[in-house]
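Okay, so here's the structure we're looking at.
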Amino acid sequence: MKNPYQPQKFEKKWQEYWERNKTYRSKNISGFKNKEKQYVLAMFPYPSGAGLHVGHVRNYTGTDVLARFFRMSGRVVLHPMGWDAFGLPAENAAVKAKVNPMDMVPGHIETFKKQMKSLGFSYDWDREFATIEPKYYRFTQWLFIQFFKMGLLYKRNAPINYCPKCKTGLAEEEVLADGTHERCGHKIVKKDLPQWIFRITEYAERLLSDLEGLDWPEGILAMQRNWIGKKEGINIDYKIVDGEVRHRDFLSTSPPKGGSPKSLTKNQVSSLPAIDTITCFTTRPDTNFGATFIVVAPEHPFVKKIIGGELKSKEADVKKIREYVEKAASKSEMERQAEGRKKTGVFTGFYAVNNLNGRKMPIWVSDFALMNFGTGAVVGVPGHDIRDFEFAHEFGIEVIRVVKGKDGDVSSITKVEQVQEEEGTMINSGFLDGMDIHKATVKVMDWFEEKGDGKRVVSYHLRDWIFSRQRYWGEPIPMVYCEKCAKEGKSYFDTEEGKRFVNENSNIIGGRVDEVKEGLKGWFPLSEKDLPLELPYLKSYEPPESGESPLSQVEDFVKTKCPNCGSEAKRETDTMPNWAGSCWYFLAFPFWNKDVDSARPIFATRESHPASQGHLESEKTVHASLSKRVSSSPNMSMKDEWLANKNLSEDWTPVDWYLGGAEHAVLHLLYSRFWVKVLYDMRLLDFKEPFLRLRNQGMVLAEDHRKMSKSFGNVINPDDVVKEYGADALRVYEMFMAPFNAEIPWSTKALQGSFRFVKRVWEIFDGYRSKESTVEVKEDKKLVSKLNKIVKKITSDIPQIKFNTPIASMMEFMNDWEVSNRKNSAQSLTVENAKKFLKVLAPFAPFIAEEVWQEVFKEKESIHLSSWPEVGSISADEEVAIPVQVNGKYRATLTVPFEKADNKDEIEKLALADERVKRYIEGKKHKTVYVKSKIINFVVLKD
RNA sequence: GGGUGAGUGCUGGAAUGGCAUACAGGUUAGUCUCAAAAACUAAUGGUCUUUACGACCGUGAGGGUUCGACUCCCUCCUCACCCACCA
């Protein structure tokens with residue numbers, strides 16, 4: 001008789017039904033402007049061999065609940081899924097498995113896809129793609145070329161972070177604080193290699209200011225601001241003199257060991273025989289009267305001049321300086337870390353002259369000055385900067401107080417604890433004396449600028465973005481280097497096309513062309529008709545020891561003709577980082593459609609890339625693979641193609657809801673924002689920010705509160721959970737376990753609660769199964785009123801990304817419903833109201849909802865395409881509970897009909913009649929506070 | 001050092017100015033069973049007393065605002081995450 005809950009019996013059926021009926025296809029791309037659109041996107045996964053993690057499940061379920069809710073609410077929803085399939089992790093896994101990633105990754109994608117389908121995520125699978133499909137990266141490469149033409153890419157030898165284990169260069173961001181590679185944990189070393197570098201710093205200001213309008217978590221915004229690191233300050237030029245300078249009043253004997261040199265007059269300073277100048281960046285020029293030394297980074301050009309012998313000083317120990325610089329270069333982050341804040345350094349033998357007071361300040365080299373921030377030179381004010389004090393203290397440099405401390409403290413500073421970094425009043429500072437530090441800052445900046453010794457500047461922490469990877473598994477960079485053209489000093493920007501491009505885009509690159517050209521002699525982008533430049537199928541693709549890309553070993557790949565002069569030339573052999581594919585994938589979903597191009601292979605399969613038997617692929621097959629073009633419109637320029645796609649996408653973009661882990665707080669989100677801004681500038685997009693709302697999901701830890709990891713043996717496989725409890729129970733549990741953004745350990749025990757809930761849902765709806773056409777119903781008005789309340793709550797909670805509380809309220813409702821049914825010995829809800837409950841459950845538990853909808857209630861169209869229930873109005877005969885307080889302390893509860901709630905006098909009378917209230921009030925003066933339908937409070941007044 | 005967030009039963013958590021501990025897990029007792037599991041029922045913050053429509057205490061600590069504070073403000077403590085020799 002009883003029909004037990006067996007999700008395994010029907011989940012597969014509905015999976016296939018949804019797929020067959022394309023239930024979740026995003027409807028007709030145009031003509032929905034009257035309806036609010038919602039582009040709901042989860043950060044697409046890198047399909048690892050391990051399959052879906054329960055953390056993925058949490059993220060995708062939340063996103064799915066949101067998409068389903070919007071879909072039922074009559075919004076036009078785009079909810080796609082794709083694969084971030086290029087990149088190091090896949091390549092490393094393939095190396096380990098001794099296969100080509102091309103042979104391995106598709107299998108992983110299939111696994112992921114199967115798992116996602118088993119969990120009932122409502123993706124429009126027609127829009128699926130992987131970043132490794134030539135048809136997709138054809139555009140990735142084209143975009144690279146556009147950025148190149150925009151002058152936003154340059155090629156330079158750069159000391160890059162190099163992982164000896166992965167044999168590849170890394171971006172700064174991929175190196176952990178302890179100096180190890182984030183992927184493999186190996187120690188990073190520095191290596192000089194030619195790199196393609198993005199001028200992302202050109203966009204620093206806009207990347208910062210456009211954060212303003214975004215509905216993102218405060219923490220992520222703060223991290224982006226912090227990463228961009230805007231600082232407003234001043235660059236001050238100091239004249240450099242050597243120890244030989246013995247001006248009349250400029251007598252300092254042995255400066256490194258302190259002493260108190262006499263000041264020069266302004267005229268004397270300006271007449272000094274300076275041998276050079278050095279520029280220091282500072283945000284605190286107000287303290288400059290207290291500056292007593294200067295520190296330059298080991299990589300600073302001034303130091304190179306000394307080592308190179310260009311600058312000579314009797315006081316300089318060049319050997320010692322050279323040793324220090326070499327040591328600093330070889331020092332790993334780890335070693336630096338180990339040293340802590342202990343200051344090291346060497347005197348350069350030169351002095352800078354403090355413009356303000358003529359003080360002769362020794363110039364030191366120290367690794368605490370960083371070449372990549374400010375100017376690479378710091379002016380040391382030991383009295384008012386802890387780090388400067390530590391340095392001065394270590395080497396016996398004089399400390400001067402120029403700001404009064406708390407309580408007017410003007411004592412001399414001899415200990416770190418006394419260093420005064422806070423606000424205060426200026427002293428010992430000539431024309432600044434008596435001002436507060438902010439006034440003094442403005443005043444002294446004006447002074448420097450007037451004299452021409454300084455210039456207000458803005459400095460950013462953001463560095464240019466190293467884009468080359470010396471690896472196999474990435475999009476080949478579509479550039480060619482021609483030695484002949486290089487010798488002739490020609491670059492792309494000297495070609496007819498290049499000139500035309502610059503002309504057309506002069507508003508953006510105009511003024512910079514000469515600077516941009518300089519480093520790019522001999523470099524030409526591939527012609528559009530040669531895109532995509534496919535990644536050849538290589539049997540052996542491990543990076544050579546040289547650190548160069550594996551593609552550099554494939555002669556047939558390297559050898560090509562110069563697109564400019566036609567002579568022998570070489571291809572770029574570096575590949576793009578996996579950020580490339582993820583930088584614009586959200587732009588592709590809106591126009592990507594398998595229906596339009598059903599014959600399109602997921603990506604170049606093995607059949608199209610027969611592997612050679614040898615170490616490297618044979619000439620013939622490389623050639624074959626390179627000549628195989630995936631071009632959909634041979635007569636259309638790619639720009640026109642892009643614009644056509646853009647027209648298709650316009651109604652969808654930008655992304656309304658972007659859900660994913662906080663680990664992408666800086667990199668992926670910053671890079672995507674950067675690309676979108678450039679595309680906007682090129683008029684290839686109409687919006688400036690890709691993701692309007694961002695929400696983070698918290699990590700799912702293992703039951704032992706550690707990260708899930710194979711090596712700990714604490715991994716929960718979602719497939720096992722689905723097999724035992726069904727997808728709905730897993731989905732409900734992952735939404736119920738904690739607030740969406742909270743980190744939370746997995747608990748199989750707690751999962752039981754959600755499983756029981758789903759089972760009870762099944763049982764209660766089973767009561768509506770009947771051979772006869774009618775089921776006995778005795779409607780429970782109170783229950784209906786409760787139903788209205790939870791529908792209202794769920795409707796407002798879901799768009800606030802609150803998924804745990806809707807489930808709690810549904811559980812609560814189930815408890816009441818069961819009790820009511822039992823009391824009634826009949827159904828307490830009409831079929832209509834039962835369906836209402838089923839609908840609000842549907843986004844969370846789509847399988848059981850569909851099964852009941854179609855099998856019990858005999859509906860013909862999917863519940864997921866039905867409309868979200870209206871929140872019913874509260875009927876007059878409903879009752880409200882009003883708590884009664886005396887002096888703010890709860891004493892009793894009144895239950896009154898809804899219509900009476902308006903009547904304060906009556907409520908008060910009723911409350912005062914209650915024994916529990918009476919005893920505190922009787923015979924005492926009181927006043928009454930009544931908040932309608934909420935609470936009544938009696939305040940006993942003292943006489 | 002900087003930034004962001006958080007501190008509520010045995011556990012995950014709910015309540016964002018109005019009945020603190022909803023909902024779920026766990027535990028205890030009971031029903032059913034030869035037994036176990038499942039399921040169901042009940043209890044479950046602390047202290048006290050005259051043991052009930054009972055009192056008092058109770059949301060990291062202390063203070064404030066308010067008729068009323070987990071919620072708002074101030075001071076402090078603790079934890080987590082991110083960044084960090086950033087001039």
Side-chain angles (χ1 to χ4, degrees), chain A residues 4 177 217-223 225-227 229-231 233 280-285 287 294-295 297 336-337 339-344 366-370 372-381 384-388 390-391 421 459-461 662-663 665-666 696 698-699 732-733 736-739 741-754 756-757 759-760 763 802 804-815 818 822 881-893 914-917 919 926-931 933-941:
Chain A
E218 191 46 52
I220 305 290
L221 292 173
M223 279 187 227
R225 282 189 205 110
N226 194 34
W227 189 263
K230 181 178 180 175
K231 291 259 164 70
C280 296
F281 175 74
T282 177
T283 56
R284 289 292 307 275
T287 60
I294 278 177
V295 166
R336 246 171 234 231
Q337 205 81 5
E339 271 173 15
R341 291 181 67 95
K342 174 131 172 70
K343 299 292 177 290
T344 56
S366 173
D367 61 4
F368 90 75
L370 308 171
N372 59 17
F373 187 80
T375 60
V378 192
V379 54
V381 183
H384 303 282
D385 181 295
I386 288 176
R387 199 196 36 199
D388 290 352
E390 286 165 348
F391 189 84
E421 293 183 325
S459 185
Y460 297 91
H461 171 247
E663 68 272 18
V666 182
N696 296 125
M699 216 193 300
V732 168
Y733 169 58
F736 180 61
M737 66 203 318
N741 61 0
E743 183 175 277
I744 175 88
W746 176 268
S747 162
T748 300
K749 270 271 201 270
L751 166 70
Q752 305 301 322
S754 301
R756 274 179 210 137
F757 167 69
K759 269 201 287 195
R760 287 162 62 201
E763 276 160 25
K802 284 176 159 181
N804 53 336
T805 46
I807 290 167
S809 60
M810 283 190 274
M811 286 173 167
E812 215 173 328
F813 183 77
M814 276 301 299
N815 292 342
E818 282 174 350
R822 212 173 307 134
I882 298 176
V884 185
Q885 295 181 337
V886 178
N887 291 335
K889 200 164 284 239
Y890 166 76
R891 293 299 171 188
T893 303
D914 194 295
E915 258 316 306
R916 291 165 293 180
V917 179
R919 86 171 71 129
H926 65 265
K927 81 174 194 190
T928 310
V929 180
Y930 177 58
V931 183
S933 303
K934 276 243 169 111
I935 202 158
I936 183 160
N937 189 13
F938 296 105
V939 186
V940 176
L941 301 168

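All of these numbers come straight from a predicted model, not from anything done at the bench. Below, read A as the first sequence line, B as the second, and so on, with proteins coming before strands; counting in each chain starts at 1.
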(request) Please tell me which of the listed nucleotides, B:C19, B:C86, B:C67, lies nearest to the side chain of A:Tyr890? (result) B:C19

(message) Checking contacts here: which listed nucleotide (B:C56, B:C67, B:G18) is nearest the side-chain heavy atoms of A:Ile935?
(response) B:G18

(request) Looking only at side-chain atoms of A:Phe281, point me to the closest of B:C85, B:A87, B:G3. (result) B:A87

(message) I need the CG-P distance between A:Asp385 and B:G2, as an integer number of Å.
(response) 13 Å

(request) Taking atom C1' in both B:U33 and B:G60, compute the distance separating them and give it to the nearest angstrom. (result) 48 Å

(request) Would you kindly check if the NZ (Lys) or CZ (Arg) of A:Lys343 is within the cone defined by 45 degrees around the ring axis of A:Phe368 and under 6.0 Å from the six-membered ring centre? (result) yes

(request) Check the distance between B:A22's P and A:Ile807's CD1 and give it to me in whole angstrom. (result) 18 Å

(request) Starting from C1' on B:C82, measure out to NE2 on A:His461 and report it in whole angstrom. (result) 13 Å

(request) Quick one: pull up OG1 in A:Thr928 and CD1 in A:Ile936 and give me the separation to the nearest 0.5 Å. (result) 6.0 Å

(request) Answer whether the closest heavy-atom distance between the side chains of A:Thr282 and A:Val378 falls below 4.5 Å. (result) no

(request) Ignoring hydrogens and angles, tell me if any N or O in the side chain of A:Glu421 forms a donor-acceptor pair with the backbone of A:Ile386 under 3.5 Å. (result) yes

(message) Does the structure show a Watson-Crick or G-U wobble partner for B:C81, both distances under 3.5 Å? Name it, or say none.
(response) B:G3

(request) For A:Asp388 and for A:Ile220, locate the closest nucleotide of RNA chain B by heavy-atom distance; then report the residue assigned to the nucleotide nearer the 5' terminus. (result) A:Ile220

(request) Once you apply the 3.5 Å cut-off to both distances, tell me the Watson-Crick or G-U wobble partner of B:U51, or none. (result) none

(message) Suppose we define a pair by two distances each less than 3.5 Å, Watson-Crick or G-U wobble; what does B:C34 pair with here?
(response) none

(request) Please assess A:Arg756 against A:Glu763 for the test salt bridge (Lys or Arg N to Asp or Glu O under 4.0 Å), listing each intermediate value before the final yes or no. (result) CA-CA 10 Å; A:Arg756 274 179 210 137; A:Glu763 276 160 25; over 6 Å; no

(message) So, does A:Asn226 get its side chain near the phosphate of B:C86, meaning an N or O under 4.0 Å from OP1 or OP2?
(response) no

(message) From CZ of A:Arg891 over to C1' of B:G18, roughly how many Å is that when rounded to an integer?
(response) 16 Å

(request) Would you mind telling me which residue lines up with the more 5' stretch of RNA chain B, A:Gly219 or A:Gly376, judged by nearest nucleotide? (result) A:Gly219

(request) Consider the side chain of A:Arg760, meaning its heavy atoms from C-beta on, and name the nucleotide among B:A24, B:A55, B:C85 that approaches it most closely. (result) B:A24

(request) Ignoring backbone atoms, establish whether A:Arg822 has a side-chain N or O less than 4.0 Å from OP1 or OP2 of B:U41. (result) yes

(message) Taking B:G18 as the reference, what is the distance to B:C70 when you measure between their P atoms (whole Å, please)?
(response) 10 Å

(message) Parallel, tilted or perpendicular: which one describes the rings of A:Phe373 and A:His461, with boundaries at 30° and 60°?
(response) tilted

(message) Distance check, C1' atoms only: B:C74 and B:A24, in whole angstrom units.
(response) 37 Å

(request) Return the value, rounded to whole Å, for the distance between atom OH of A:Tyr930 and atom C1' of B:G18. (result) 12 Å

(request) Would you check, one step at a time, whether the test ring-ring contact (aromatic ring centres under 6.0 Å, His included) holds for A:Trp746 with A:Tyr733? (result) CA-CA 10 Å; A:Trp746 176 268; A:Tyr733 169 58; 5.1 Å; yes

(message) Side chain of A:Arg387 only, heavy atoms from C-beta on: which candidate in B:A87, B:A22, B:C67 is closest?
(response) B:A87

(message) Please report the interatomic distance CD1(A:Ile294) to CG(A:Asp388), rounded to the nearest 0.5 Å.
(response) 11.0 Å

(message) Side-chain N or O of A:Arg225 versus OP1/OP2 of B:C86: is the shortest distance under 4.0 Å?
(response) no

(message) In whole Å, I'd like the distance from the NZ atom of A:Lys927 to the C1' atom of B:G68.
(response) 11 Å

(request) Compare side-chain N and O positions of A:Lys231 against OP1 and OP2 of B:A87 and report whether any pair is under 4.0 Å apart. (result) yes

(request) Using only side-chain N and O atoms of A:Arg916, determine if any of them is under 4.0 Å from OP1 or OP2 of B:A52. (result) no

(message) Please report the distance, rounded to the nearest Å, between CG in A:Asn696 and C1' in B:A6.
(response) 16 Å

(message) Could you tell me how far apart A:Asn815 (CG) and B:A22 (P) are, to the nearest whole angstrom?
(response) 12 Å

(request) Using a heavy-atom cut-off of under 4.0 Å over every strand shown, decide if A:Arg756 touches base, sugar-phosphate, or nothing. (result) sugar-phosphate

(request) Could you please name the option among B:G25, B:U4, B:G68 that lies closest to any side-chain atom of A:Ala222? (result) B:U4

(request) Looking at every strand, decide which applies to A:Asn741 at a 4.0 Å heavy-atom threshold: base, sugar-phosphate, or nothing. (result) nothing

(request) Pick base, sugar-phosphate or nothing for A:Val378, based on heavy-atom distances below 4.0 Å to the nucleic acid. (result) base

(message) For B:C10, give the paired nucleotide (Watson-Crick: N1-N3 plus N6-O4 or O6-N4; G-U: N1-O2 and O6-N3; both under 3.5 Å), or none.
(response) B:G25

(message) Does the structure show a Watson-Crick or G-U wobble partner for B:G18, both distances under 3.5 Å? Name it, or say none.
(response) B:C67

(request) Quick one: closest heavy-atom pair of A:Val295 and A:Ser366, and the distance? (result) CG1-CB, 3.6 Å

Enumerate the protein-to-nucleotides 12-15 of chain B contacts in which both atoms are nitrogen or oxygen and the separation is below 3.5 Å.
| from | atom 1 | to | atom 2 | distance (Å) |
| --- | --- | --- | --- | --- |
| B:G12 | O2' | A:Met737 | O | 2.6 |
| B:A14 | OP1 | A:Asn804 | ND2 | 3.0 |

(message) For B:C56, give the paired nucleotide (Watson-Crick: N1-N3 plus N6-O4 or O6-N4; G-U: N1-O2 and O6-N3; both under 3.5 Å), or none.
(response) B:G46

(request) Would you mind telling me which of B:C19, B:U4, B:A24 lies closest to the side-chain atoms of A:Glu218? (result) B:U4

(message) Looking at the base of B:G18, is there any donor atom on it, or on the side chain of A:Gln885, that sits under 3.5 Å from an acceptor on the other one?
(response) yes

